[in-house]
K.L.:
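Right, I'll just put the structure down here and ask away after.
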Amino acid sequence: AEYLVARPNHSRVDCLMYRRILVPLEHSAYDQVILAHVRQLAQLCASSIVLIHVADGWAARHQLSLKLRESEEMRLDREYIETCCASLRGDGFETESILAGGDPAAEIVAAADREQCDLIAMAVHGHKGIQDVIYGTTANSVRHRTMVPVLMVRGPVGGTARAVSR
């Protein structure tokens, strides 16, 4: 009897992996959940990581058009994302950070294209019913607007986003 055995072609594996992963952060407990997954995935695939936080307060949405100085919210967001970036770099990952302002879904999709990312990895809250309609709009909108694959990892039940005064 003859047997046909499929053997993996390891010389082609690297072209199938994710080379650049975009990770939207929201400055909450959910960030650590997605970063734990992305660390493992990036290590496995030898991927670079692009962190993005989209400040969506009034000042952030109008900063450029009104030539406003950076708000306290954006200053804190910049510190946070740069700290996350430095932590990843300290662990040997090639990492960049982006602080954007405006509509989160639109900015995430635009950054994925502009930064030539081949995966968007984001934490989701796992809302059900009407809560999903109210709170789940960013992840849902991102997955509908982009052709880049989206990895969604559910965050902790009852995890809360940072309180922001607007």
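Nothing fancy with the numbering, it's 1 onward along the sequence.
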K.L.:
How long is the straight-line distance from NE2 of His53 back to CD1 of Ile81, given to the nearest 0.5 Å?
P.N.:
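Taking CD1 in Ile81 and NE2 in His53, the distance rounds to 7.5 Å.
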
K.L.:
For Glu82, which residues count as a salt bridge (charged side-chain N to carboxylate O under 4.0 Å, His left out) partner, sequence neighbours excluded?
P.N.:
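For Glu82, no residue satisfies salt bridge (charged side-chain N to carboxylate O under 4.0 Å, His left out) once neighbours in sequence are set aside.
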
K.L.:
Closest approach of Met122 and Ala139, non-hydrogen atoms and distance?
P.N.:
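Shortest heavy-atom separation between Met122 and Ala139 comes out as CE-CA, 3.8 Å.
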
K.L.:
I need the Thr138 OG1 to Ile108 CD1 distance, nearest 0.5 Å.
P.N.:
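The distance works out to 6.0 Å.
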
K.L.:
Closest approach of Arg145 and Val109, non-hydrogen atoms and distance?
P.N.:
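Smallest heavy-atom distance, with atoms named: CB-CG2, 3.8 Å.
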
K.L.:
Can you pull the ring pair (Phe, Tyr, Trp, His ring centres under 6.0 Å) pairs that have at least one residue in residues 91-121, sequence neighbours excluded?
P.N.:
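The answer is none; no pair qualifies.
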
K.L.:
Can you name the residues that form a side-chain hydrogen bond (donor to acceptor under 3.5 Å, both in side chains) with Arg39, not counting sequence neighbours?
P.N.:
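If we apply the side-chain hydrogen bond (donor to acceptor under 3.5 Å, both in side chains) test to Arg39, skipping adjacent residues, the hits are Ser87, Asp91.
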
K.L.:
Which atoms form the tightest heavy-atom contact between Ile98 and Ala111, and what is the distance?
P.N.:
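Nearest heavy atoms, Ile98 then Ala111: CD1-CB, 4.4 Å.
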
K.L.:
Does Arg89 have any side-chain hydrogen bond (donor to acceptor under 3.5 Å, both in side chains) partners at least two apart in sequence or in another chain, and if so, which?
P.N.:
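Applying side-chain hydrogen bond (donor to acceptor under 3.5 Å, both in side chains) to Arg89 gives none.
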
K.L.:
Report the distance from atom CG of Leu151 to atom CG of Leu41, rounding to the nearest 0.5 Å.
P.N.:
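Reported to 0.5 Å precision, the distance equals 7.0 Å.
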
K.L.:
OG/Ser97 to CZ/Arg78 distance, rounded to the nearest 0.5 angstrom?
P.N.:
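If we round to the nearest 0.5 Å, Ser97:OG and Arg78:CZ are 8.0 Å apart.
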
K.L.:
Contact between Ile49 and Leu35 at the side-chain level, heavy atoms closer than 4.5 Å - yes or no?
P.N.:
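No, side chains not in contact.
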
K.L.:
For residues 107-120, pull every pair meeting side-chain hydrogen bond (donor to acceptor under 3.5 Å, both in side chains), keeping only residues two or more places apart or in separate chains.
P.N.:
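Those involving residues 107-120 are Arg20-Glu115.
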
K.L.:
Shortest non-hydrogen contact from Val150 to Val142?
P.N.:
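Shortest heavy-atom contact: CG2-CG1, 4.2 Å.
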
K.L.:
Between OH of Tyr18 and OG of Ser47, what distance do you get to the nearest 0.5 Å?
P.N.:
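So the OH of Tyr18 and the OG of Ser47 are separated by 9.5 Å.
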
K.L.:
Determine whether Ile52 and Val54 make a side-chain contact, defined as any pair of heavy atoms from C-beta on separated by less than 4.5 Å.
P.N.:
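SC-SC contact between Ile52 and Val54 confirmed.
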
K.L.:
Not counting sequence neighbours, which residues clear ring pair (Phe, Tyr, Trp, His ring centres under 6.0 Å) with Tyr80? List them please.
P.N.:
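Ring pair (Phe, Tyr, Trp, His ring centres under 6.0 Å) list for Tyr80, sorted by chain: His27.
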
K.L.:
Nearest 0.5 Å please: distance from the CG atom of Leu51 over to the CD1 atom of Ile34.
P.N.:
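With rounding to 0.5 Å, CG (Leu51) is 11.0 Å from CD1 (Ile34).
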
K.L.:
Over all heavy atoms of both residues, which pair between Pro24 and Ala121 is shortest? Give the atoms and the distance, please.
P.N.:
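Taking every non-hydrogen atom into account, CD-O, 3.2 Å.
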
K.L.:
Sequence neighbours left out, what passes side-chain hydrogen bond (donor to acceptor under 3.5 Å, both in side chains) with Arg143? Give chain and number order.
P.N.:
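Expected list: Asn140.
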
K.L.:
With sequence neighbours left out, write down each residue that passes salt bridge (charged side-chain N to carboxylate O under 4.0 Å, His left out) with Glu94, or none if nothing qualifies.
P.N.:
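If we apply the salt bridge (charged side-chain N to carboxylate O under 4.0 Å, His left out) test to Glu94, skipping adjacent residues, there are no hits.
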
K.L.:
If we only count heavy atoms from C-beta on, is the Cys84 to Asp31 side-chain gap below 4.5 Å?
P.N.:
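Counting from C-beta outward, Cys84 and Asp31 never come under 4.5 Å.
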
K.L.:
In chain order, what residues pass the side-chain hydrogen bond (donor to acceptor under 3.5 Å, both in side chains) check against Glu79, with sequence neighbours excluded?
P.N.:
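Once residues adjacent in sequence are excluded, the partners of Glu79 under the side-chain hydrogen bond (donor to acceptor under 3.5 Å, both in side chains) criterion are Arg75.
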
K.L.:
Are the side chains of Leu88 and Val38 in contact, using a 4.5 Å heavy-atom criterion?
P.N.:
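No, their side chains stay 4.5 Å or more apart.
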
